[in-house]
Amino acid sequence: MDTSPGPARVGVLLPTREQAINGTFAAAPLLDFARQAEQLGFDSLWAGDSLTARPRLDPLVVLSAAAAVTSRVTLGTAALTPALRHPLTGAHQVASLDHVAGARLALGLGSGFPMPETEEEFAAVGASFAGRAARLDEIVTLWRQAWNAGQAGTQSDFEGRFWQARGLERLPAPQRTGGPPLWLAGSDTPRVLERVARHYDGWMPFLPSAVDYAAAWRRITELAAAAGRPAGAITPALYATLTVNEDPAAARAELEHYIGHYYGRTLEQMAAVQAYAWGSAESCAEALAAYVRSGARHLIIRIGSLDCAPQLKLIADVVLPRLKEASR
């Protein structure tokens, strides 16, 4: 397929969840990881979000610190769950982070993974799990209105189905006019594809099939064109998990251990809905290159190990150049 312009960009997930699993919360190792990833040539750094379902340090705080020790990489959330914060608080935090990051920010947004733990997490903060996709779309609309409220012709009051707000012009505006790009972290259901095409700046799935990715991306481009959006308005991304080891059996065993601690489920269960690759760096690169050939242009790699730092350089040396070459 490969209909998207430009070379592939490749990012890596900061190991905040892995810290939580290991019980070793600390900022210094995360910042060392951020510095090294930038030096090794990664294009972006990402942080996940969860309060009680899959706990970790707050991604907006972590990314603020990462912004202070990097200068080039994009900083993003993969993925932020806006429903865990009041929409005005979220708008304020994101605008503030956009200044701290020097407009290097991109936000992957999720409505909440369909697991019992996530439903409990929503209940813990008084958020409604039912109708969460529509609520996310409304938060996005509110945020964008807030970030543009100081401009002529933009309403300062918001009247939505779920939230109402007054005086949005009093909130600080982001550094980037209109705010950072907002990507939808979702699957390839018809409703998700329609939402991406109409309302979002990017699509961040974790589809286990590159063939399905190609078909979904083709449909998004069709829907976006029909909605009058210009070519290139939507970034096709991918969230994938790699465990690199020259011994495929050892790689799979390490990934099984990781997934069991991360989700409390088996690799077989999670691989049915998420993109995974394990084995040599070359085989992992080829697995992701299939997605690049299917249209993906920003790949976010989660290293499937509770000790992920040793794999970072190998992925940078082998996987990064292979993916960039595949997009050319």
Side-chain angles (χ1 to χ4, degrees), residues 7-49 56-80 97 100-108 204 237-246 250-251 254-255 257-258 261-262 276-285 287-289 292 298-325 327:
R9 304 186 73 215
V10 184
V12 63
L13 200 72
L14 289 163
T16 55
R17 175 60 180 150
E18 292 75 5
Q19 276 196 345
I21 294 170
N22 289 325
T24 56
F25 295 105
L30 295 174
L31 301 186
D32 289 342
F33 188 98
R35 292 186 191 95
Q36 184 182 9
E38 183 172 66
Q39 292 166 0
L40 288 171
F42 285 92
D43 299 298
S44 55
L45 288 166
W46 302 81
D49 183 30
R56 67 198 76 191
L57 295 178
D58 183 273
L60 302 181
V61 174
V62 170
L63 292 175
S64 182
V69 300
T70 59
S71 61
R72 175 186 58 79
V73 289
T74 295
L75 301 165
T77 54
L80 187 74
L97 179 55
V100 173
R104 289 186 283 142
L105 189 60
L107 297 183
M204 184 195 294
L238 175 76
Y239 182 107
T241 304
L242 304 184
T243 304
V244 179
N245 190 311
E246 289 301 313
E254 183 174 18
L255 183 56
H257 179 262
Y258 175 80
H261 284 80
Y262 199 108
Y276 291 92
W278 61 87
S280 69
E282 291 78 9
S283 67
C284 288
L288 291 192
V292 174
H298 202 134
L299 295 96
I300 298 149
I301 294 173
R302 178 177 62 172
I303 301 175
S305 171
L306 295 182
D307 182 20
C308 59
Q311 297 184 34
L312 187 64
K313 188 176 188 305
L314 187 55
I315 292 171
D317 289 345
V318 178
V319 179
L320 262 67
R322 180 70 174 276
L323 297 181
K324 292 180 182 294
E325 180 62 31
S327 65

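What you see is a predicted model; the values in this text were computed from it and never measured. Keep in mind that the numbers below use all heavy atoms, side chains included, and drop hydrogens, waters and symmetry copies.
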In sequence, state the C-alpha distance, the side-chain angles, and the governing distance for Cys308 and Phe33, and then conclude on side-chain contact (heavy atoms from CB on, under 4.5 Å). CA-CA 10 Å; Cys308 59; Phe33 188 98; 3.8 Å; yes
Measuring only between side-chain heavy atoms, which start at C-beta, is Val10 closer than 4.5 Å to Ile301? yes
State, to 0.1 Å, how close Leu14 and Val62 come at their nearest heavy-atom pair, and which atoms those are. CD1-CG1, 3.9 Å
Side chains of Trp278 and Thr241 in contact at under 4.5 Å (non-hydrogen atoms): no
Within the 4.5 Å heavy-atom criterion, are Trp46 and Leu63 side-chain neighbours or not? no
Where is the tightest heavy-atom contact between Gly48 and Pro59, given as atom of each residue plus distance? O-CB, 3.3 Å
Enter the distance from Phe42:CZ to Leu320:CG here, rounded to the nearest 0.5 Å. 5.0 Å
Test item: Val292 and Arg322 side chains (from C-beta on) under 4.5 Å apart, heavy atoms: no
Just verifying a value: how many Å separate Ile21 CD1 and Thr16 OG1, rounded to the nearest 0.5 Å? 9.5 Å
Side chains of Gln19 and Leu30, heavy atoms from C-beta outward: is any pair under 4.5 Å? yes
Spatial distance of atom NE2 (His257) from atom CG (Leu306) [nearest 0.5 Å]: 5.5 Å
Kindly indicate whether the side chain of Val244, heavy atoms from C-beta on, has any atom under 4.5 Å from the side chain of Ile315. yes
Would you name the heavy atoms of Ser280 and Ser283 that are closest together and state the gap between them? O-OG, 2.9 Å
Which one of His298, Arg72, Arg9 satisfies the side chain to side chain donor-acceptor pair (under 3.5 Å) criterion with Ser44? His298
Thr243 (side chain) donor-acceptor with Gly304 (main chain) under 3.5 angstrom: yes
Closest heavy-atom pair, Ala37 versus Leu45, reported as atoms and distance to 0.1 Å, is CB-CD2, 3.7 Å
Tell me yes or no: between the side chains of Tyr262 and Glu18, is some donor less than 3.5 Å from an acceptor? no
For the pair Glu38 (side chain) and Ser71 (backbone), establish whether a donor and an acceptor sit closer than 3.5 Å, ignoring hydrogens and angles. yes
Quick one, Lys313 and Gln39 - any side-chain contact, counting heavy atoms below 4.5 Å? no
Between the side chains of Thr70 and Arg104, is a donor N or O closer than 3.5 angstrom to an acceptor N or O? yes
At their closest point, which heavy atom of Ala8 faces which heavy atom of Ser327, and how far apart are they? N-OG, 2.8 Å
Can you check whether Leu60's main-chain N or O pairs, donor with acceptor, with Asp58's side chain at less than 3.5 Å? yes
Check the pair His261 / Arg17 against side-chain contact (heavy atoms from CB on, under 4.5 Å), numbers first and verdict last. CA-CA 10 Å; His261 284 80; Arg17 175 60 180 150; over 6 Å; no
Is any side-chain heavy atom of Thr77 closer than 4.5 Å to a side-chain heavy atom of Asp49? no
Run the numbers on Ile303 and Leu312 for side-chain contact (heavy atoms from CB on, under 4.5 Å), then give the verdict. CA-CA 8 Å; Ile303 301 175; Leu312 187 64; 4.2 Å; yes
Any idea which heavy atoms bring Val100 and Ser64 closest together, and the distance? CG1-OG, 3.5 Å
Does Asp43 come within less than 4.0 Å of Lys324, counting only side-chain N to carboxylate O? yes
Carefully, step by step, assess Tyr276 and Leu242 under the rule side-chain contact (heavy atoms from CB on, under 4.5 Å). CA-CA 6 Å; Tyr276 291 92; Leu242 304 184; over 6 Å; no
